[in-house]
Amino acid sequence: MSNVLTQDWNLSVKSRMFNFDWKFLKGDNSDAYKIQFDDSAWRTLDLPHDWSIESPFKKEYASSTGYLPGGIGWYRKKFTIPKNIKGKKLFIQFDGIYKNSEVWINEHFLGKRPYGYSSFHYDLTPYVNFETKENVLAIKVDHSDFADSRWYPGSGIYRNVFINITDNVYIKPYGVFVTTPNISTQEAEIHIQTSVKNDFQDEATIQIEHHIKDANGKEVISCSSIEKIPANDELNFEHSVFLEQPNLWSPDHPYLYSVETKMRKSGEVIDMVTTPLGVRSFHFDVDSGFFLNGKSLKLKGVCIHHDAGCLGAAVPEKVWHRRLRLLKEAGVNAIRMSHNPPAPELLDMCDSYGFLVQDEAFDEWEFPKNKWVEGWNRGEPSLDGYASEFAEWAETDLKDMVLRDRNHPSIIFWSIGNEIDYPNDPYSHPVLEERYNAEKPEAKRMGEIAKRLASVVKHYDPTRPVTAALASVIMSNETEFPDALDVVGYNYQEFRYIEDHKKYPNRVIYGSENGRNHDVWMAVEQNDFISGQFIWTGIDYLGEARGWPVRHATPGMLDLAGFKKPLYYFKQSEWSDHDMVYIGLTPIKEENPGQIYWDHEVICAWKGNEGEIVRVACCTNCPEVELLLNGESLGVKKRKDFPYGTIYWDVPYAKGTIKAIGKRNGSICCSFELKTADDPFKLELLSDTNTLKANKQDVAHVEVQILDKNNTLVYDADNLIDCEIEGPGEIIGIECSNPISHQNYKETNRKAYNGKLLIYVKSTNKAGTITLKTSSVGLESSSVEINVD
């Protein structure tokens, strides 16, 4: 199949998505890059695509990467280019290929990129054909060393691909850099740097225009200049404008302007780039923490990985929108992109939702970390990974991350590494005493490399601090590693905060990775000099499994399907300003009874044996809570009387309804209840939308619930549910979130978990009505209709 770049392309639009109608082979063929190669038997698919998630889970694959395979795959695309494009320049942009990608166009080798998380461009212009002659694009992806990561990475062209068309005088990729060096409530200075390249053999005279537009697209200020650029040369041009009465960007008010940069030659627009602009100022103070727009702000952050359960690494935008909205609802205001550069559209969303972001480059440097293949700290670890490429590629990959992402107002610091100083994995130092391993690399190397990486960041963005997440501060303190950082992240080392703040009075400290209990948050709230924390994690993720049969990590506030876990509500009680109360059952323990771990000790169900004493755990941000059982009060308790952040009652179980009522100043402000469920009776479908766009990209989230006769969720139900779809849509994944489920993700049935399933439905490019039907033996079936237009 040939994909034609049509004659009516509007050449003033620079970028076109190039995701559809690719050919794919899972396997290797040394001739697959050749023009005449016969790919007719290959599978036709759309990008983004992750082939690992399509495979069955097998114990012989690595626990670290979720018991899913890697391998080698090829992608090919044939296309023709219309005559009106001739004389222009064509670039292909890959937002992410995992990994070791090699790219050919018409048998010309364009290059290789080992790192699976980098975005990169190639110039196709010298090698393409125009009009009727076909072009053949071929990409080899080599993920043979599947145990190469400490989490699930995916395999393939798992992010978007674009074709960018420009004149021979053009703004370089990521060539516009917008900063706000001086801000007040009355005026903001907007500084714009534009990198322009001239591939003509003659000097070019150009006009550069910058149009600042408000959130409604209305122009508020502009500037322009006439410039000359020598033949076969590139130059940076600087402009500044002053914006009066700016709307300041913040998590509570994520106001976005845009900068529309146009380049004209002989009056004609030959290139245009639109850049997001969030007007904000921030700084970290060694004694007072983080300040945004002059106001103190605690970072209520979560770490996230890049997969979405059954969708693998190829995650549609709508899926991230749903997840980010849920995190925002919990009071989260910051996200750490662990431990690699994210998809660029995810950063666009962070800009618009108002998240403060840590953009992170690497999980390992020159020496490999252990990737456990049998379970956490079990078996002989794999040492595959990025370390073998670090010496050659680290500076390029770091540069490309900073250039790509530096215009996002959400980003407040760059991380050059995660847990590079994990004890003996790989570095060691005598300060570790009996754990010291003289055979491991010397820790002092970390300081040397950190300085080099920090200088790369500062060269391309001097406006933001550099950080890293330290796992063994006691070892790093013996090196120059912390001194190379502007802001120093501590992973799970809250006990060192006060001591190190005194010992290193010029060091800015924050929690870069943290546990989820109340004491850890108190270490932030009770110390002004700690800017915030990033808990591990916001969302459950594939990989980093503890050993077969567990296939994924489960520390998240949201599970793999994006359903709220009890931990979600506990963090919401600590972080949200909106009144909330939540209850669940937890085991009775005598020692430290109020120290309840919401990530694994609480279940959202009301069940038990009649008369049995059960413990009801309650989290709230209200001053007091009244508990009622079948309408009768079991007493009012005050939050301040429970130092671990959880109120609890020990009560005799009785079938019916348990209800918590949050109160403020004696008035009811919120409530939450659980009801005893009878046997499973029926299925119910809940879609987050009734309409999809016919663009082959739009996605609906359809929640399946197993209910009893009284419409109560049956928490223990794990019935096998069959799914069937008709009309212009497809089921792209079914997620139950059960850590020990090994059902193939490509099957059209799945067992429920905690009484629920999530079905992802994607539109085709045709209009009509999608009908999604679900059934289960012994239960009433259910269906839902979704219009596609």
Side-chain angles (χ1 to χ4, degrees), residues 330-331 516-519 521-522 557 563-679 705 707-717 754-755:
R516 300 163 290 281
N517 63 49
H518 190 63
D519 290 348
W521 175 241
M522 288 299 98
M557 295 165 57
F563 294 143
K564 299 174 183 177
K565 297 164 66 176
L567 176 64
Y568 177 96
Y569 297 97
F570 181 65
K571 296 310 295 183
Q572 187 179 42
S573 74
E574 294 184 320
W575 288 350
S576 177
D577 295 328
H578 300 287
D579 290 333
M580 60 78 60
V581 64
Y582 178 85
I583 52 175
L585 286 176
T586 190
I588 293 178
K589 55 186 179 182
E590 299 304 324
E591 187 176 350
N592 295 326
Q595 181 75 307
I596 294 169
Y597 297 95
W598 286 79
D599 53 352
H600 64 276
E601 290 185 347
V602 179
I603 63 168
C604 182
W606 182 236
K607 60 180 184 176
N609 299 317
E610 201 73 20
E612 171 192 14
I613 301 299
V614 295
R615 180 160 291 174
V616 179
C618 174
C619 61
T620 185
N621 54 13
C622 300
E624 56 185 27
V625 176
E626 182 177 12
L627 190 68
L628 290 83
L629 178 56
N630 294 326
E632 295 187 10
S633 177
L634 300 178
V636 176
K637 295 191 177 186
K638 298 180 183 298
R639 187 171 186 257
K640 68 179 183 179
D641 294 333
F642 294 82
Y644 295 109
T646 301
I647 302 171
Y648 69 93
W649 287 261
D650 290 342
V651 303
Y653 172 79
K655 183 178 179 180
T657 302
I658 188 84
K659 184 175 184 179
I661 299 174
K663 295 184 176 181
R664 190 178 299 278
N665 299 321
S667 299
I668 296 173
C669 53
C670 54
S671 65
F672 182 86
E673 66 180 30
L674 295 172
K675 294 183 177 182
T676 305
D678 292 325
D679 293 335
Q705 295 187 347
L707 306 179
D708 69 6
K709 287 184 178 181
N710 299 312
N711 296 319
T712 300
L713 178 73
V714 185
Y715 183 82
D716 294 331
N754 294 339

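Position 1 is the first residue of the sequence; numbering continues from there.
- Residues Tyr644 and Asp519 meet the side-chain proximity criterion, which asks for heavy atoms closer than 4.5 Å.
- Atom CG of Leu627 and atom CD1 of Ile658 lie 4.0 Å apart (nearest 0.5 Å).
- Proximity of Val651 to Val614: side-chain heavy atoms (C-beta onward) are separated by under 4.5 Å at one or more points.
- In this structure, Asn592 places its CG atom where more than 12 heavy-atom neighbours from other residues, nucleotides or ligands lie under 6.0 Å away.
- Contact annotation: the side chain of Trp598 never approaches that of Arg516 to less than 4.5 Å [non-hydrogen atoms, C-beta and beyond].
- Shortest non-hydrogen contact noted between Leu707 and Val714 is C-CG2, 3.8 Å.
- Two residues are said to be in side-chain contact when any heavy atoms from C-beta on lie closer than 4.5 Å; Phe570 and His518 meet this criterion.
- Between Cys619 and Phe672, the closest side-chain pair of non-hydrogen atoms is not below 4.5 Å.
- Counting only residues at least two apart or in different chains, side chain to side chain donor-acceptor pair (under 3.5 Å) contacts with residues 578-589 comprise Asp579-Arg664, Lys589-Glu601.
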**OP:** List the steps, then state whether salt bridge (charged side-chain N to carboxylate O under 4.0 Å, His left out) holds for Lys571 with Asp599.
**Re:** CA-CA 10 Å; Lys571 296 310 295 183; Asp599 53 352; over 6 Å; no
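- Applying the side chain to side chain donor-acceptor pair (under 3.5 Å) rule to pairs touching residues 626-640 yields Glu624-Lys638, Glu626-Ser633, Glu626-Lys663, sequence neighbours excluded.
- The closest side-chain heavy-atom distance from Tyr597 to Asn517 is below 4.5 Å.
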Original post:
ring-ring contact (aromatic ring centres under 6.0 Å, His included) between Trp606 and Tyr653: does it pass, once the steps are laid out?
Top reply: CA-CA 9 Å; Trp606 182 236; Tyr653 172 79; 4.9 Å; yes
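- In this view, Glu673 and Thr657, Lys659, Lys675 satisfy the side chain to side chain contact (heavy atoms under 4.5 Å, CB included) rule, not counting sequence neighbours.
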